[in-house]
Amino acid sequence: MVCLGNICRSPMAHVVLERQLADAGLAEQVEVTSSGTGSWHLGDPMDQRAAATLRDAGYDPNKHRAAHFDRTWFDRDLILVMDNANLRDVRAQGEGQVRLFRDFDPAGPGEVPDPYYGGAEGFHDVLAMVERTCAELVSQLESVLLHAR
Ligand code: 4NP
């Protein structure tokens, strides 16, 4: 999962996908990581508003520390980016399976808008997009991994 700062959107997607994978019994088979194309927040915990939004919905935001995307992250099987600027920035650095996260959104494709400069509402919208998109990802991963057995 990749966004700009790795303190709002991609960490939210990281925590939600990890939890949904665990609930589906896939925790051992799929590893989730996240990073940001910008390095300003390297090593920082999640944005307090992102963390509060997750906590209110029953997730644990505390383990996150921001990482910086670089070429070494192309060893991932799939890189999911939050917006078109992330897509451009990641693709400029190398070759790999890079897709917009919301290409998997059952409500339709698009960007996950950056909530950093807005209010709490933006973080709730991000969580709703992330939860329904991760549910679809888990469902597709389940069928891929089932057929691979
Ligand atoms: P994120 O949000 O990309 O969803 O983590 C942002 C976090 C920090 C900044 C921008 C976006 N920033 O400019 O510091």
Side-chain angles (χ1 to χ4, degrees), residues 1-24 26-27 29-142:
M1 302 292 186
V2 178
C3 63
L4 179 58
N6 192 221
I7 55 169
C8 301
R9 293 166 292 174
S10 62
M12 291 176 77
H14 181 168
V15 165
V16 168
L17 183 58
E18 247 175 16
R19 159 75 171 282
Q20 290 189 7
L21 285 167
D23 289 349
L26 295 174
Q29 287 158 81
V30 185
E31 183 190 39
V32 186
T33 55
S34 69
S35 59
T37 58
S39 61
W40 314 283
H41 297 283
L42 186 63
D44 287 355
M46 215 180 287
D47 178 280
Q48 285 188 18
R49 299 159 297 172
T53 303
L54 284 177
R55 212 176 284 116
D56 288 351
Y59 298 93
D60 176 9
N62 292 332
K63 278 184 302 189
H64 181 73
R65 293 295 177 271
H68 183 211
F69 182 89
D70 62 26
R71 293 184 58 85
T72 62
W73 294 75
F74 285 106
D75 67 352
R76 304 278 99 191
D77 294 313
L78 179 60
I79 297 172
L80 295 174
V81 301
M82 298 296 139
D83 64 29
N84 288 318
N86 307 150
L87 189 63
R88 195 178 54 237
D89 291 342
V90 165
R91 283 194 169 144
Q93 295 184 59
E95 299 282 319
Q97 277 289 335
V98 190
R99 302 273 300 272
L100 278 170
F101 174 75
R102 286 190 62 209
D103 283 356
F104 295 91
D105 186 344
E111 301 182 297
V112 180
D114 188 345
Y116 188 68
Y117 295 104
E121 193 58 30
F123 287 84
H124 290 113
D125 292 347
V126 168
L127 182 61
M129 283 175 200
V130 160
E131 283 187 318
R132 67 179 186 243
T133 302
C134 286
E136 175 61 23
L137 277 166
V138 169
S139 153
Q140 293 198 23
L141 283 164
E142 265 176 330

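Just follow the structure's listing: the first ligand is 1, and inside any ligand the first atom is 1. These numbers come from the heavy atoms of this one structure, side chains and all, not from hydrogens, waters or symmetry mates.
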Item to check | Which atom of Asn62 lies closest to which atom of Arg55, heavy atoms considered | outcome: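 Scanning both residues, the minimum pair turns out to be OD1-NH2, 3.6 Å.
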Any atoms of ligand 1 less than 4.0 Å from a non-hydrogen atom of [X]? List them with their elements.
| X | result |
| --- | --- |
| Cys8 | 1 (P), 2 (O), 4 (O), 5 (O) |
| Leu4 | 3 (O), 10 (C), 11 (C) |
| Gly5 | 1 (P), 3 (O), 5 (O), 7 (C) |
| His41 | 8 (C), 12 (N), 14 (O) |
| Tyr117 | 13 (O) |

Checklist entry - So, Arg9 side chain and Val112 main chain: donor-acceptor pair closer than 3.5 Å or not? => result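 Side chain of Arg9 to backbone of Val112, a donor-acceptor pair under 3.5 Å: yes, one is there.
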Checklist entry - If you draw a 6.0 Å radius around CG in Asp23, do more than 12 non-hydrogen atoms from other residues or ligands fall strictly inside? => result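 Yes, CG of Asp23 has more than 12 neighbouring heavy atoms, counting only those of other groups under 6.0 Å.
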Checklist entry - How far apart are the C-alpha atoms of Asn84 and Glu111, what are their side-chain angles, what is the distance that settles it, and do they pass the side chain to side chain donor-acceptor pair (under 3.5 Å) test? => result CA-CA 7 Å; Asn84 288 318; Glu111 301 182 297; 3.1 Å; yes
For [atom], what is the closest protein heavy atom, and at what distance to 0.1 Å?
| atom | value |
| --- | --- |
| atom 11 (C) of ligand 1 | Asp114 OD2, 3.1 Å |
| atom 12 (N) of ligand 1 | Tyr116 CE2, 3.7 Å |
| atom 1 (P) of ligand 1 | Cys3 SG, 3.5 Å |

Item to check | Asn86 vs Asp89, side chain to side chain donor-acceptor pair (under 3.5 Å): CA-CA, chis, key distance, verdict | outcome: CA-CA 5 Å; Asn86 307 150; Asp89 291 342; 5.3 Å; no
Item to check | Geometric N/O contact Ile7 with ligand 1, under 3.5 angstrom | outcome: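 Yes; the residue has a nitrogen or oxygen that sits under 3.5 Å from a nitrogen or oxygen of the ligand.
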Checklist entry - Is the charged tip of Arg132 near the ring of Phe104: under 6.0 Å from the six-membered ring centre and within 45° of its axis? => result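 No, Arg132 does not lie over the aromatic ring of Phe104.
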Checklist entry - Could you go step by step and tell me if Tyr59 and Glu18 meet the side chain to side chain donor-acceptor pair (under 3.5 Å) rule? => result CA-CA 10 Å; Tyr59 298 93; Glu18 247 175 16; over 6 Å; no
